[in-house]
2 protein chains.
Amino acid sequence: MDFSDFNITVVGLGLIGGSLAMAINKRIKPKHLWGIDIDIEALQQAKTLGIINEGFTDSALPLQESDLVFICLYPKATMDFLKKNMFNFKSGAIVTDVVGLKESLIQEISSFLREDIDFIGGHPMAGNEFKGFKFASDKIFEGADYIITPLPKNNRNNISVLKEFILEMGFANLVEMTPEEHDYMVAFTSHLPHIIALALVSNPIIEKNNICTGNSFRDATRVAKINGDLWAELLLGNGHNLARHLEIFQSNLEKIKKAILNGDAAYLRELFTRACRYKEILDDKGSPVV
Amino acid sequence: MDFSDFNITVVGLGLIGGSLAMAINKRIKPKHLWGIDIDIEALQQAKTLGIINEGFTDSALPLQESDLVFICLYPKATMDFLKKNMFNFKSGAIVTDVVGLKESLIQEISSFLREDIDFIGGHPMAGNEFKGFKFASDKIFEGADYIITPLPKNNRNNISVLKEFILEMGFANLVEMTPEEHDYMVAFTSHLPHIIALALVSNPIIEKNNICTGNSFRDATRVAKINGDLWAELLLGNGHNLARHLEIFQSNLEKIKKAILNGDAAYLRELFTRACRYKEILDDKGSPVV
């Protein structure tokens, strides 16, 4: 598809927004790519590097001319930005976000969205334990999934445009699901592993004893150095789904502990076999391109 | 140090033994490097690749001439091998192992060890989720720690020889601790992350739903495809230590779950700050070279 007539704005040139801007600049070549941020330095850097055509701290001007807008802010900031700028968007614009929680956000947005704006929720399943434009790189999208959570009221043509755009940015898979399905899934595949890393690393042995770690420990705790502002919002916003998966995990742990203390080798073998099967399903499961 | 007069035998050319043999061949250049295995194919492959000088399925011959022996077998097999071959070792030989549990093993070995053999327990903190010679590579030792657990009765000169040998093989750090300290530590840094991976992946959502995973999930479950023969022995052999760390982890999880369900942002901030501090200690803590 040809996007050479598109004006595109990325709001928030942090890790995700900066990386998306790099991918758009490198692979899409739109008419204009603009950046909005409160951080003048990030805007200047992105312009100097030739990633964006122009940077703005005042949103009105670029939004009025933009056909496609990626809002790459934290959950609450995304909502605030949309509310504040609702009357700045170009009529007919496709607007999307990157927030890792969809149900409540999309419900709230629906309550004040202009009828001539098509908001389609999105979530690139990429990122790492760092934050800010200086860690941005379009390489973080290689092999990654991008989820979109359209509603029945979204324009089908706009959904297709967004899908093609995402795949052209270099994501491996594009997956469509409902906001509810999304939040239930990420509670398991993203929020739970972060909680595990936090709980694992919170052991005083780390201060007191001599510790040698292997790869299993380093991998399991990589994300323990968390971006607290973002994660407090995500975890508190998904408590109900998270509790459901946490309880399955806690129950598994308790069974394993009992088996080990009782010398129950048969249970462990059964556990290894089941875990191995689930791991293979996960490794084989190429997310369907929809 | 010069090891050109040393005959060395590696018993068991699996992932660890094969990788050690590669490191010895590449970096040490002893007088002879021999391999013992029941798998003739692994022996032939190691000889064809020029890694060992000769392979043996019968242990007596190489052991009688070896100054340094690495036993790279599973815990029970290590014990069986030592018992069966106790009278095959050369007088004065340094014998070491790679078992990830030390206290009970070393106690039992002490009960039947010949007085003219110096057994020094060892544990290279390296490995991955694969097994067998075909996955062996001395690259797995880059940046890795090697723990030894000598006893007061071990010959100090032999301990120094073994330490120098290990560092020359390319390990980043050599750490000395008691067998008890070792088992308490690995319960936390190795056995617990493996249990977590097993418990995390054992969720029926994996079969039933469409799953997109990010890096945090992939890292946390990498070791879920476990080598069951080895891990049943390790987990059951370290139940007491493992239960202590599991309980700290379980208690942390429960507190996090309550905070999330109660909307307790203050607790989450405190948790993030503590986890971040512990993670920094871990990242900074270069294991001391002793």
Side-chain angles (χ1 to χ4, degrees), chain A residues 125 145 147 175 177 185 188-190 193-196 198-203 205-207 209-214 216-217 219-226 228 232 235-236 239 242-243 246 248-250 252-253 256-257 260-261 263 265 268-269 271-272 274-276 278-279 281-282 285 287, chain B residues 125 145 147 175 177 185 188-190 193-196 198-203 205-207 209-214 216-217 219-226 228 232 235-236 239 242-243 246 248-250 252-253 256-257 260-261 263 265 268-269 271-272 274-276 278-279 281-282 285 287:
Chain A
M125 291 282 283
D145 296 333
I147 303 167
V175 184
M177 55 179 78
M185 186 198 74
F188 177 58
T189 63
S190 170
H194 280 80
I195 284 175
I196 288 170
L198 293 167
L200 178 56
V201 90
S202 298
N203 184 319
I205 186 179
I206 285 172
E207 282 183 312
N209 295 40
N210 196 359
I211 294 285
C212 303
T213 59
S216 62
F217 191 84
D219 284 354
T221 56
R222 184 179 55 80
V223 292
K225 205 169 168 178
I226 219 163
L235 298 179
L236 292 175
L242 195 40
L246 242 175
I248 296 172
F249 179 67
Q250 287 176 306
N252 287 340
L253 277 185
I256 296 171
K257 185 172 75 178
I260 289 171
L261 290 176
L268 289 185
R269 300 256 163 216
L271 172 77
F272 296 157
R274 188 177 56 226
C276 194
Y278 280 159
K279 183 72 168 67
I281 294 174
L282 275 176
K285 216 173 202 171
S287 305
Chain B
M125 292 282 284
D145 295 333
I147 303 167
V175 183
M177 55 180 77
M185 186 198 73
F188 177 59
T189 63
S190 170
H194 279 80
I195 285 174
I196 287 170
L198 292 166
L200 178 56
V201 90
S202 297
N203 185 320
I205 187 180
I206 286 172
E207 282 182 313
N209 295 40
N210 196 0
I211 294 285
C212 303
T213 58
S216 62
F217 191 84
D219 283 354
T221 56
R222 184 180 54 80
V223 292
K225 205 170 169 179
I226 219 162
L235 298 179
L236 293 175
L242 195 40
L246 242 174
I248 296 171
F249 179 68
Q250 287 176 306
N252 287 340
L253 278 184
I256 296 171
K257 186 173 75 178
I260 290 171
L261 289 177
L268 289 184
R269 300 256 164 216
L271 172 77
F272 296 158
R274 188 176 58 226
C276 195
Y278 280 159
K279 183 72 169 67
I281 294 174
L282 275 175
K285 214 176 204 171
S287 307

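- Contact tally against chain A (heavy-atom pairs below 4.5 Å) for Gly214(B), Gly239(B), Ser202(B), Ser190(B): the top residue is Ser202(B).
- Ile195(A) touches chain B through backbone and side chain together, each having a heavy atom under 4.5 Å away.
- Your options are Ala275(B), Ala243(B), Ala199(B), Ala232(B), and the one with the most heavy-atom pairs under 4.5 Å with chain A is Ala199(B).
- Leu282(A) is listed as a side-chain neighbour of Phe217(B), based on a closest heavy-atom distance under 4.5 Å.
- A donor-acceptor contact shorter than 3.5 Å is absent between the side chain of Asn203(A) and the backbone of Phe188(B).
- Scanning for side chain to side chain donor-acceptor pair (under 3.5 Å) contacts around Arg269(A) gives Asp229(B), with sequence neighbours left out.
- Both the backbone and the side chain of Leu253(B) come within less than 4.5 Å of a heavy atom in chain A.
- With a 4.5 angstrom heavy-atom cutoff, Leu235(A) touches chain B via backbone and side-chain atoms both.
- Within the 4.5 Å cutoff, the side chain of Phe272(A) has heavy atoms near those of the Leu198(B) side chain.
- The shortest heavy-atom contact between Ile205(B) and Met185(A) is CD1-CA, 4.5 Å.
- Note that CD1 of Ile196(A) is 12.5 Å distant from CG of Asp219(B), once rounded to the nearest 0.5 Å.
- Side chain of Thr213(B) to main chain of Thr189(A): no donor-acceptor pair is present (N/O by atom type, distance under 3.5 Å, no hydrogens or angles).
- Contact annotation for Leu200(A): both backbone and side-chain heavy atoms come within less than 4.5 Å of a heavy atom of chain B.
- With respect to chain A, the highest number of heavy-atom pairs below 4.5 Å among Ile248(B), Ile256(B), Asn252(B) belongs to Asn252(B).
- Taking Lys279(B) as the reference, Asp283(B) meet the salt bridge (Lys or Arg N to Asp or Glu O under 4.0 Å) condition, with sequence neighbours excluded.
- Looking at Leu261(A), the atoms closer than 4.5 Å to chain B (heavy atoms on both sides) all sit in the side chain, from C-beta outward.
- Options Gly228(B), Ala265(B), Gly263(B) differ in how many heavy-atom pairs under 4.5 Å they form with chain A, and the most are formed by Gly228(B).
- Heavy atoms only, all atoms of each residue included: Ser216(A) and Arg222(B) are closest at N-NH2, 3.7 Å.
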